[in-house]
Each structure stands twice: as structure tokens, then as C-alpha cells.
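First up is the structure itself, then whatever we jot down about it.
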Amino acid sequence: MCGIVGIVDAGGVSIQLYYAMYALQHRGQESAGITTFDGTTLYKFKGQGLVADVFPPAILTDLKGSAGIGHVRYPTTGSNLPENIQPLNFQFKDHSISIAHNGNLVNTKELRAEFEQAGQIFTTTTDTEVIARILMDEISATGSVEDAVNLCMRRLRGSYSVVMMIDGIIYAFRDPLGIKPFCIGKLANGYVVASESVAVDALNGTFLRDVKPGELIRMDKDGIQCTQVAVASFRAHCIFEYIYFARADSVIDGKLVYEVRTKIGGKLFEEAPVAADGVLPVPDSGTTYAIGYARRSGVPYIEGLMKNRYMGRTFIMPNQKQRENAVRIKLNPIPAHLAGKSVVMIDDSIVRGTTSRRIIDLMRDAGAREVHVRIGSPQIKAPCYLGVDFPTREELIASDKIEDEVRKSIAATTLHHVSLDALIGAVGCGRDQLCVGCLTGCYPLPIDGEVGMVPHVDFVAGTYQADLGSFETES
Ligand code: AMP
């Protein structure tokens, strides 16, 4: 999980990168970085913390140039080293290269060992640097970025939406399964690629379309070109983007996330109706689901929990004790709305069970008579290896428990998770378009020790299709 953005704009890019990253802040709060290029020099700035804290306005003025990329990073335990903050920047045979990545590779170790065997050194512990090595080796050998991306798509196993800047040209590519989101927008004087369409909106741009799985986009001051490098036999868009991770106002792979979540809310009522005095969300992640539930059921929507807006996501807390305390500070019940009532409480997911257990306690303390819990995802049964920071099976409350055991453990009156079929129906595409590995334990690609499918991938090297050619190019 992370957010990435790349912009070419004749009028300068640093402020626009900043706003785009602000819009993508929910995708990562641990660190942020921007690199720009003005034709001769790479300007870089990065640091730990939120976008607004890392970049004071004076810094943005110093980040000169009409091309640049940015990254917001999600905290993953043990790797919050300063050298891992992206974009990663390299000087290479008179070329200036920067790269930022959203996703996770499952064959990093093998690839890294191969390079190390050949005498190469690494300066970070990221999989992004492995991607950069493959790209640079191939660009060095053939001089072709397209060939280098083609080689990446043959060699990398995992999820990767990548934005890269070489001498002021922005390249963006997405893995052949399209696991992590990535889209393209048009700006008044240029183009943007970003993890989510809300970043395009924040720049007052026009959303054009998603980067296709297996596609390479090239953008510079003269315009934009697209190449379909690889085509896989199926797609595997991350289901958790729809459930939790993406902003509700984003359009991902053709679907408005808000719409998907309200539909799931309606399904939760259809699948497990209950007579209740009100339906309330766990804010903010449960809000859109609760709206859908209220619409479909006619049960009044109430606010029973108030969120402290100035707190980050509870997962940021590195240990269980801190996570439990964080829930208390983050969410405060309103006893006047809950006392003596039977309520339906909706959240997007139960991971470890910490949040639900604590919230249900708080609601009962505030006088709620019955707390019927409805969850916008099926039970999370298995870890994610492809970019969502899900814990091990041991930490996942549902990995070895049926729903009623989880209900007891969180002390809910009743508990229902949306069914996989209803979830897929709400997204509105075929099951062969989605990665549901965390829900089923079956992954869309081979992963050591797990059950995985083997996609067939065709390579269509070198065929440029200027299918955005109808847009005006900049002079
Ligand atoms: P838990 O307390 O471990 O059951 O966490 C469930 C809560 O964390 C839910 O309210 C979700 O909104 C949120 N959540 C789910 N997945 C993630 C994730 N990968 N990172 C951060 N928060 C998450």
C-alpha cells in the first residue's frame, strides 16, 4: 500500500505533486517524497510524516522543473528506514532516474540474490530497488525503456504500479494482472498518472482512464504515448481497494468505490436483516456501507460514534496494547443516541478483531442494548502478499474461526459478513477480474507455501498504440 503520482506540466509540477499526494494521503502516512527535474538537475526532498508536515511551502518552490514524481508510503513494521523513503533516485551513465512503486513483489529475495551474486550492491531494503536494477540493466544493454519494462513484466512476480522519471520523461506501468490501481488524467498544460482518480480531481484535471494491466505509458512535454506490453489471461484487481483502502470518491477500474460500498451495505441488509432502532457506521470506514444499509432497509441512519479527525489509522500503532488504547482515543460514543437501543453497527472489515471488540464494549457502556455487527467484507482468512498490510494467519481472528466464534470473541449480539458472491456482484465484474486471496487463501499468482494460479501472459513487445492520441499534445 502506498500512493504514487507522476506529472508533466509546462508550468511546473511541485505544487501539483503536493496536492495530488495530499489527495492520496490515506494510502500512506509514514513518509512522503517528491523528485522533480528541470532539464539538467534532479531536485529531491523527502521525509517521515504526513505530506503537509514533510513539505513546508518554501521547499516546494525549490523543487523546480516541469516533470516530477511523488510517493506516500504506508507503514510496514521494521522497514521505516530513512533510506527506504521513495522516490528512489539514481544517477546512471549521465542519466537521472527516479522511481516510485505501489505494490509488493513475492520474488524479491531471489531477484536480489541474483544481483548480489553478480556483485551489485543495494542501498535500501525495498523491492522497488530491485525493479530499478532490472530496468537500469536492460536500458543499459538495449537503450530501450520499452524492452526494460517488458523484461520487468517477465521477471517480477507480484503487484506493481510503477512511476519512473528518466531525464524528465515520465514512464508509468502496471503489472499484467492490474492488482494495484493506477489512472491517467489530463491537466490544463500536461498529464498526470496517479494511484487514484481523486488525485486527478484535486488538480482540477480530467480523468481519462485507468492504466491498463500490462500497459506502459510515456509522458513528456510533447504528449502521451501508450504501449500494451503484456496481456494476461485474467485480471486480479485488489478487492481490498474497494472494501477499505481506496477513497470512496475514487473511480477504480471503471467502478465508483462509493457505489460499490453502498451496494454492499444494501446486501448486508438483504442477507441478514434484523429489527433495529438505527444503523450506525464505524466512522469513516463504515460510513458508505451504513448509508447503503439504511437506504435499502429503511432503518434510520444514526451517528453513535464520533471520530477524532486528527488521529491516524489505528494500524499505525506497532503493538496490540497501543492499538487498543488508540481505539478509545479515536472513537467516542454518544450515549444519548445509544441508550436502550438495538443498533446495527457497520464496519468494512474485521482483521485482528481489536477494533470491533473495543467499540462494542464502548457502545454497551454507553447503554446500547443490542449491537448487531455487519461487515462489508467476507471473513479475512489469509494474509496478503501483494501489497495490503495484513498480518500473519495467527493474528487474523477469522483465519481459524467460524463467524459465530468471532461473534463471541467480539461480544456482538449478532454478526454477519457479506458473502463473497454479493461482494463480487457489488463490484460488478467477474470473479476472474479480482484478487480475493485474503478472503479465500487462493492467490492469482504462485506464492511459496500458498495456493496460487498461474496466469498465462502474452507479450506484445514494441507495438505503440497512441490510443490517447486524440488528446491535444502540448507544444
Ligand atoms: P482490527 O481491529 O484489527 O480488526 O482492524 C479492523 C479495522 O481496521 C477496521 O475498522 C478497518 O477499517 C481497518 N483496517 C482494515 N484493514 C486495514 C489495513 N490493511 N490497514 C489499516 N487499517 C485497516
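Both counts, for ligands and for their atoms, begin at 1 and track the order of listing. These numbers come from the heavy atoms of this one structure, side chains and all, not from hydrogens, waters or symmetry mates.
When heavy-atom distances to ligand 1 are checked against a 4.0 Å cut-off, V351 comes that close through both its backbone and its side chain. Contacts between S349 and ligand 1 below 4.0 angstrom, taking non-hydrogen atoms only, involve backbone and side chain alike.
In this structure, the ring of Y74 has its center less than 6.0 angstrom from the ring center of F245. In this structure, the ring of F269 has its center less than 6.0 angstrom from the ring center of Y293. For Y22 and Y18, the distance between ring centers is under 6.0 angstrom.
Looking only at distances, a side-chain donor or acceptor of S197 sits under 3.5 Å from a matching main-chain atom of V251.
Of the N or O atoms in G353, one or more lie within a sub-3.5 Å distance of an N or O in ligand 1.
When the heavy-atom distances from atom 5 (O) of ligand 1 to T355, T354, V406, D284 are ranked, the shortest goes to T355. Remark: among candidates L331, D347, I380, the nearest residue to atom 9 (C) of ligand 1 is D347, based on non-hydrogen atoms. The option with the heavy atom closest to atom 1 (P) of ligand 1, from among H26, R352, M1, is R352.
Residue F245 places no heavy atom under 4.0 Å from ligand 1. At a 4.0 Å cut-off, not a single heavy atom of S356 sits close enough to ligand 1 to count as contact. Heavy atoms of V282 come nearer than 4.0 angstrom to ligand 1 in no pair at all.
Each of V54, V5, V51 was scored for a side-chain contact (heavy atoms from CB on, under 4.5 Å) with V72, with one residue passing: V51. Of the listed residues (R295, R296, R374, K263), just one forms a salt bridge (charged side-chain N to carboxylate O under 4.0 Å, His left out) with E270, and that residue is R296.
Numbered from 1 in the order shown, with element, the atoms of ligand 1 that lie under 4.0 Å from a heavy atom of V388 read 19 (N). Shown in contact with S285 at under 4.0 Å from a heavy atom are these atoms of ligand 1, numbered in order with element: 10 (O), 12 (O). Distances below 4.0 Å separate heavy atoms of F390 from the following atoms of ligand 1: 16 (N), 19 (N). Numbered from 1 in the order shown, with element, the atoms of ligand 1 that lie under 4.0 Å from a heavy atom of D348 read 9 (C), 10 (O), 11 (C), 12 (O).
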Using distance only, find each side-chain donor-acceptor pair of residues 332-340 under 3.5 Å and give its atom names and separation, not counting sequence neighbours.
unit_1	atom_1	unit_2	atom_2	d
H337	ND1	E303	O	2.6

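Using a cut-off of 4.0 Å between Lys/Arg side-chain N and Asp/Glu carboxylate O, E370 and K341 are scored as not salt-bridged.
Considering only heavy atoms from C-beta on, D201 stays 4.5 Å or farther from E196 through its side chain.
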